[in-house]
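Okay, so here's the structure we're looking at.
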Amino acid sequence: MSGPGEGRDPDLAAKAAYGRLRAAHLHAVRAALEDHIARLDWPRERIEHYRDQRLRALLAHARERSPFHARRLRDLDPSSATVADLARLPVMTKQETQQDWDSIVTVPDLTRERAEGILGQQRWFSYTPGGQQIFSSGGSSGVRGVYVWDWDLFVSFACLAWRMQTRQERRDPPLRRQAKLAVLQAGGPPHASTPLFDVATVAGMDTVVIPASAPFEEVLAAVAAARPTHLVGYATVVGRLARAAAAGDLDIQPVRVSTNSEPLLEEDRQAIADAWNVPVHNLWGSTEIGVAATGCGGGAGLHVCEDEVVLERVDEAGVPVAPHEPAARTLATGLANRTFPFIRYDLGDEVAVLPGPCECGSEFVRLADIAGRLDDDFRYPTCTVPASAFRSVLGTDPRIAEYQVRQTATGAHILAVGSPDVPSLIQAIASKLRRQGLPDPEVQVDVVDGIQRRSVGGKLRRFVALKGTDRGTDPPAPSGSR
Ligand SMILES: [Zn+2]
């Protein structure tokens, strides 16, 4: 089947081919969603039994097919391994995953070079002949990463992203309007967020993608025109829309809201409650591990997706700590990722376990909401520029390995490791800043050999904002976020 014009325009033909496979993929997601929703009611023993079997399958497969993991798993017997045995394995860092890419990947026809080639050539999202999708992300550490999601992995992630909402939706009275999901994500490649969240889960639901990095007035107008019944998007963008609604600048009546990609700050959660008084499903995830924990819309915090990911809260030395003890960082093992296994991968974020059962009835362990990094937004006297404005340029340039953005009074000073085209980079960033409302932005880019990391945890501080006094305006109010 081919549409009008496809024969002449190779871009159009590629986009149409993507659309056909994507439609097939979404049917697979909706089929698997039934099983995923049922799992939410599993008792503890069943969750743990399922998780342990999947862990053994992952470890055995990784040891057989990934030279990187074969070395690390040498002294572990996958056939009897449990979650507790993971502590015997070394931590896997982001730098390692990117440097050792070709010895981690488990399929013979995929290399880092080939993945970069796909990212460089595709004009729109695409599938490899093997059904894989290649994504790139700046991530929270400032190191650019290239990732592969195979067919089954995407089905798993999409089910995890949507099963809580869908379960609640089925318990609610049916919607009396045409269901429409407004998707406020990156909007295009190489980010994974749009394919992951542009998923209709209610019968007859339409979806509309609204790129969240556009100037806010454009986002606001597009959301108003879409009249969505459901919203999914960056937490700060959804929060800002809620404030606009409370101020009378946006007239929509959503029945359910889902937030992701950024910490959900208390101020944004409150704004959503004030504007619409609807259930909020927050999500914690990453391009590497996919969806790690999701909010049920009822009880506090986020339920860990224990059936698809193992999280270990560890101290500085990588040794697991008890649930009530503070942890230095979180390690994740993705049970569904067979093509590029992540085993004890350092997510960086600190998480705390919530005690007691949840009002929704699910026995999946809960975490407190993930703490926010408030300093990631730059507040200038005339406007606020979200970190995503920089990240969308710097985090996806294959010639930039690592970067740091320092706010200046009139723009930004950027340190970049790699070999970027500096003049075009300055132009791209300045254009982003102008679109966010900063007049005559001054952008400086220095190519450097390395960037000083924080002594604790070795994490890079990607965004360094000016203090309130330095930028001549009041500092933001405390958020109350943990
Ligand atoms: Zn719950």
Side-chain angles (χ1 to χ4, degrees), residues 124-125 137-138 161 179-200 205-265 267-276 278 280-283 372 374 376-380 382-396 428-439 441 463 476:
W124 189 242
F125 295 109
S137 150
K180 189 164 194 180
L181 173 69
V183 184
L184 299 144
Q185 304 291 162
H191 308 276
S193 68
T194 304
L196 181 60
F197 296 111
D198 179 13
V199 176
M205 179 186 253
D206 289 334
T207 69
V208 55
V209 175
I210 299 167
S213 59
F216 185 69
E217 285 64 34
E218 287 178 24
V219 173
L220 186 67
V223 172
R227 306 190 64 76
T229 55
H230 296 68
L231 289 173
V232 60
Y234 293 130
T236 57
V237 176
V238 175
R240 202 167 165 189
L241 287 170
R243 272 187 285 279
D249 296 332
L250 176 65
D251 181 20
I252 58 171
Q253 281 84 38
V255 296
R256 197 169 289 279
V257 163
S258 308
T259 57
N260 59 63
S261 303
E262 296 167 326
L264 175 58
L265 304 180
E267 64 202 39
D268 289 326
R269 189 187 282 280
Q270 193 55 51
I272 293 166
D274 292 346
W276 301 311
V278 293
V280 178
H281 297 267
N282 191 21
L283 179 149
L374 278 174
D376 277 4
D377 283 357
F378 288 177
R379 289 168 171 82
Y380 297 92
T382 52
C383 63
T384 296
V385 176
S388 60
F390 295 102
R391 205 161 39 209
S392 62
V393 176
L394 298 164
T396 57
I429 295 286
S431 149
K432 288 271 179 190
L433 293 177
R434 269 192 296 271
R435 282 168 67 84
Q436 294 290 338
L438 188 68
F463 298 94

- [ ] Output, in order, the C-alpha distance, side-chain angles, deciding distance and verdict of side chain to side chain contact (heavy atoms under 4.5 Å, CB included) for I429 and L394.
- [x] CA-CA 9 Å; I429 295 286; L394 298 164; 4.1 Å; yes
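- Here the CG-OG1 distance, from L264 to T236, works out to 10.0 Å after rounding to the nearest 0.5 Å.
- Between R227 atom CZ and L250 atom CG the span is 9.5 Å, to the nearest 0.5 Å.
- With a 4.5 Å cut-off on side-chain heavy atoms, L184 and V223 count as touching.
- Looking only at side-chain heavy atoms (C-beta outward), V278 and L231 stay at 4.5 Å or farther from each other.
- Atom CD1 of I210 is separated from atom CD of E218 by 11.5 Å, given to the nearest 0.5 angstrom.
- Residues V209 and G187 share a closest heavy-atom pair of CG1-CA, 3.9 Å.
- Here the shortest heavy-atom pairing between V199 and M205 reads O-SD, 4.5 Å.
- A pairwise comparison of heavy atoms in A275 and A242 identifies CB-O, 3.3 Å as the closest pair.
- Side-chain contact between H281 and R256 is present, with heavy atoms from C-beta onward closer than 4.5 Å.
- Not a single donor-acceptor pair under 3.5 Å links the side chain of T384 to the backbone N or O of R379.
- Distance CZ/F378 to CG/L438: 11.5 Å, rounded to 0.5 Å.
- In this pair, F390 and F463 present their aromatic rings tilted. The plane angle is within the 30 to 60° band.
- Going from atom CG of L283 over to atom CG of L196 covers 7.5 Å, rounded to the nearest 0.5 Å.
- Considering all non-hydrogen atoms of both residues, P439 and G437 come closest at CD-O, 3.3 Å.
- Counting heavy atoms of neighbouring residues, nucleotides and ligands inside a 6.0 Å radius, atom CZ of R243 exceeds 12 of them.
- When all heavy atoms of G188 and W124 are compared, the pair lying nearest together is CA-CZ3, 4.0 Å.
- Nearest heavy-atom pair across A271 and G239 is CB-O, 4.0 Å.
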- [ ] I would like to know whether V208 and K180 meet side chain to side chain contact (heavy atoms under 4.5 Å, CB included); could you show each step before the answer?
- [x] CA-CA 8 Å; V208 55; K180 189 164 194 180; 4.1 Å; yes
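- Side-chain contact between H230 and S258: absent, with no pair of heavy atoms (C-beta onward) separated by less than 4.5 Å.
- A 4.5 Å side-chain heavy-atom check between P386 and Q436 finds at least one atom pair inside the cut-off.
- Residues F197 and L181 have side chains not in contact (no heavy-atom distance under 4.5 Å, counting atoms from C-beta outward).
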TODO: Evaluate the side chain to side chain contact (heavy atoms under 4.5 Å, CB included) criterion for residues L241 and F216: first the C-alpha distance (whole Å), next the side-chain angles of each, then the deciding distance (0.1 Å), finally the verdict.
DONE: CA-CA 9 Å; L241 287 170; F216 185 69; 3.9 Å; yes
TODO: Please lay out, stage by stage, how E262 and N260 fare under the test side-chain hydrogen bond (donor to acceptor under 3.5 Å, both in side chains).
DONE: CA-CA 6 Å; E262 296 167 326; N260 59 63; over 6 Å; no
